[in-house]
Asker: 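Before we start, here is the structure in question, set down as C-alpha cells.
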There are 2 protein chains.
Amino acid sequence: MASPGTRTQILDAAEQLFAERGFRGTSIRAITNLAGANLAAVGYHFGSKAELLAAVARRAIEPINAAQSAGLDRLLAETADPPVADLVEAFAGPLFDEMPGGARTSRLIVTILSDPAEEMRGWTGPAEDAVRDRYFAAFRRALPGLSERELGFRLRGILAVAAVDRVDADNTRSPVTGEAARHWAITFLAAAMSAPPTRT
Amino acid sequence: MASPGTRTQILDAAEQLFAERGFRGTSIRAITNLAGANLAAVGYHFGSKAELLAAVARRAIEPINAAQSAGLDRLLAETADPPVADLVEAFAGPLFDEMPGGARTSRLIVTILSDPAEEMRGWTGPAEDAVRDRYFAAFRRALPGLSERELGFRLRGILAVAAVDRVDADNTRSPVTGEAARHWAITFLAAAMSAPPTRT
DNA sequence: GTCTATAGAACGATAGAC
DNA sequence: GTCTATCGTTCTATAGAC
C-alpha cells in the first residue's frame with residue numbers, strides 16, 4: 001500500500017474542515033496545516049479553493065448516490081411498484097449511514113447545500129440527477145394522485161430532515177445516536193410521504 | 001414619523017445581506033453601503049459585526065415567536081388537547097408567513113441555523129425556549145406513546161422542512177409560491193408528526 | 001452621531017528555486 | 001511535486017477630527 005499521498009490528505013482535511021466551519025470559514029492554510037502539506041499544494045493539485053470544494057463534494061456524494069441507486073435496483077427486482085415506505089428507506093437510509101470516508105459526509109452536504117455562497121452550487125453531475133429522476137418516477141407510481149410539484153416538494157423534505165438531523169447531532173448537547181436517528185427519520189418520512197395530496 | 005434612522009437602516013440592510021450571502025460572506029462595508037451609512041456606524045451602534053448579527057436575529061425571530069405563541073393560545077382556548085394537525089399548523093404556519101419586515105425572515109433563520117460559524121449560536125433567548133417548551137408539552141399530550149427524544153427529533157424535523165423549503169425557493173429556477181409551500185408543508189408535516197412511535 | 005484615515009491581520013493565489 | 005517568499009486584496013475594528 002502506497003502512502004496516502006498529499007492529494008488525498010488534502011481532500012480528507014478539507015472534507016473535515018468544510019463540514020465543521022463551512023467554505024468561507026475554512027482557509028487554505030488551515031487545510032494544508034491539518035493535512036501536513038504545504039500551502040501551495042492546493043493550487044498545484046486542485047487549481048483553486050473552489051475547485052478543491054468541488055472535488056471534496058464529488059468524493060463525498062458518490063457512495064451515497066451509489067447506495068441509493070443499488071437500493072432502488074433491489075426493490076425493483078422484487079416488484080415493479082415498491083411501496084412508499086420501502087422507497088423512503090432506500091432513498092433516505094444511505095444519508096444516515098456511515099460512509100467509508102468517515103461520519104462527516106452528510107454534515108458536509110448540509111453545509112454545502114445551505115451555504116448561500118456561489119461556489120457551493122453547480123457541482124452536482126448527471127449521476128445524481130439520474131438517481132433522483134428514477135426515485136421520482138418510482139414515487140409517482142406509488143403516489144398516483146400527487147402532482148409533480150408537490151412530489152418535488154416532498155423529496156426536498158426528505159433531504160431536509162436527513163440533513164438538519166446531522167447538523168443537529170453536532171450542535172446539541174445530547175445528540176441521538178446514528179441508529180436511532182435513522183429509524184426515527186424513516187418513520188417520520190414514510191408517514192409524511194404517504195400523506196394524501198393537498199387539496200387545492 | 002421620524003426618519004428611519006441609521007440604526008434601523010443598518011438592521012434592514014444586514015438582514016437582507018446575511019440572508020442572501022451568510023454571515024461570513026457579508027462584509028460590514030457591504031452592509032453600510034446598502035444602508036447608505038458610514039462604515040464606522042456599525043461599530044458605533046452595535047459594537048461589532050457579531051453583535052449586529054445578534055440584533056438582526058432577535059428582531060427577525062420575535063414576530064414568528066409571537067405568532068406561534070398566539071396560535072397555541074388560540075387552540076388551547078378551545079380545547080385542552082388540540083389535535084396534532086392543528087398543532088402543526090400553529091407551529092409551522094408562521095415560518096411560512098410573510099413577516100412585517102419582509103419575506104427574508106425565514107431564509108435568514110436557516111442561514112443562521114445551518115451556518116457552522118461560532119457567531120451564529122447562542123443568541124436565542126428564554127422567550128424562544130418557552131414557546132418551544134409549550135408546544136413540546138402539547139404534542140406530548142396529543143402523541144402519548146412517543147418518547148421525549150423521538151418527539152424532539154420530530155420537532156426539529158418540522159423546522160428542517162420549513163427551513164430548507166425557504167432556501168430552495170431562492171435557489172430553484174421554478175420556486176413554489178409561498179401559499180402552495182405552506183399548504184404542502186403542513187400536509188407533509190401533519191402526517192409525519194402523526195406517525196406512530198418507532199418500535200425499538 | 002457621522003465622518004476620514006489607518007492600523008493590523010488574514011486571505012487566495014502564484015512566481016520561481018529546488 | 002514540494003517548498004519559500006511575497007504580491008495584492010480585503011477584512012474588522014478603532015482612533016480622532018468635526
Side-chain angles (χ1 to χ4, degrees), chain A residues 1-57 59 108 111-112 115-123, chain B residues 1-57 59 108 111-112 115-123:
Chain A
M1 193 84 72
S3 124
T6 301
R7 193 191 145 91
T8 301
Q9 287 178 256
I10 289 174
L11 280 172
D12 290 342
E15 175 171 334
Q16 175 180 335
L17 293 177
F18 285 154
E20 287 174 6
R21 313 180 193 174
F23 179 72
R24 290 187 142 119
T26 304
S27 66
I28 294 182
R29 283 168 174 83
I31 293 167
T32 50
N33 279 351
L34 181 62
N38 185 271
L39 172 64
V42 165
Y44 177 79
H45 286 284
F46 300 96
S48 72
K49 187 185 172 188
E51 288 168 289
L52 170 58
L53 171 71
V56 168
R59 193 184 65 158
L108 171 73
T111 302
I112 290 175
D115 194 305
E118 197 52 46
E119 298 90 338
M120 294 300 204
R121 249 152 287 291
W123 50 263
Chain B
M1 192 83 77
S3 123
T6 301
R7 194 191 146 90
T8 302
Q9 286 178 256
I10 289 174
L11 280 171
D12 290 342
E15 176 171 334
Q16 175 180 336
L17 293 177
F18 286 153
E20 287 174 7
R21 313 182 194 172
F23 179 72
R24 290 187 141 119
T26 303
S27 66
I28 293 183
R29 283 170 173 80
I31 293 167
T32 50
N33 280 349
L34 182 61
N38 186 272
L39 172 63
V42 165
Y44 177 79
H45 286 284
F46 299 96
S48 72
K49 187 185 170 186
E51 289 168 287
L52 170 59
L53 171 71
V56 168
R59 194 185 64 157
L108 171 74
T111 302
I112 290 175
D115 194 304
E118 197 53 45
E119 298 91 337
M120 295 301 204
R121 249 154 287 291
W123 51 263

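The model shown is predicted, which means the values in this text are computed figures rather than measured ones. Within every chain, numbering begins at 1; the chains are lettered A, B, ... in the order of the sequence lines, protein sequences first and strands thereafter.
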Asker: Do any side-chain nitrogens or oxygens of A:N38 fall under 4.0 Å of OP1 or OP2 in D:dG1?
Answerer: no

Asker: Among B:L52, B:L53, B:I28, B:V56, which residue satisfies the side chain to side chain contact (heavy atoms under 4.5 Å, CB included) criterion with B:F46?
Answerer: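 Among the candidates, only B:L52 passes.
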
Asker: CG of A:L17 versus P of C:dC11: gap in Å, rounded?
Answerer: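 My rounded result for the distance is 12 Å.
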
Asker: In this structure, how many angstroms lie between the P atom of D:dG1 and the CD atom of A:Q9, rounded?
Answerer: 14 Å

Asker: Would you kindly give the CG-to-P distance between A:L53 and C:dA13, to the nearest whole Å?
Answerer: 12 Å

Asker: Starting at atom CZ of A:F46, determine the distance to atom P of D:dT2, rounded to an integer number of angstrom.
Answerer: 11 Å

Asker: What integer distance in Å separates A:K49:NZ from C:dA10:P?
Answerer: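 Nearest whole value for this atom pair: 15 Å.
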
Asker: Hey, does B:L39 have a side-chain heavy atom less than 4.5 Å from the side chain of B:N33?
Answerer: no

Asker: Does C:dG12 have its OP1 or OP2 closer than 4.0 Å to a side-chain nitrogen or oxygen of A:S48?
Answerer: no

Asker: Check each residue of residues 25-33 of chain A for a non-hydrogen atom within less than 4.0 Å of any atom in DNA chain D, then write out the ones that pass by number, or none.
Answerer: none

Asker: For residues B:R24 and A:F23, determine if any side-chain heavy atom of one lies less than 4.5 Å from a side-chain heavy atom of the other.
Answerer: no

Asker: Just the table, please: protein N/O against nucleotides 14-18 of chain C N/O, every pair under 3.5 Å.
Answerer:
none

Asker: In whole angstrom, give the distance that lies between atom NE2 of B:H45 and atom C1' of D:dT14.
Answerer: 15 Å

Asker: Name all pairs fulfilling the side-chain hydrogen bond (donor to acceptor under 3.5 Å, both in side chains) condition that reach into residues 35-49 of chain B, sequence neighbours left out, sorted by first residue then second.
Answerer: B:S48-B:E51

Asker: Between A:G36 and B:V42, name the one whose nearest nucleotide on DNA chain D is closer to the 5' end.
Answerer: A:G36

Asker: Heavy atoms only: give me the nearest A:T6-A:A41 pair and the separation to one decimal.
Answerer: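 Nearest heavy atoms, A:T6 then A:A41: CG2-CB, 4.2 Å.
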
Asker: Can you sort out the partners of B:A35 under side-chain contact (heavy atoms from CB on, under 4.5 Å), two or more places apart, ordered by chain and number?
Answerer: B:Q9, B:I10, B:A13, B:A37

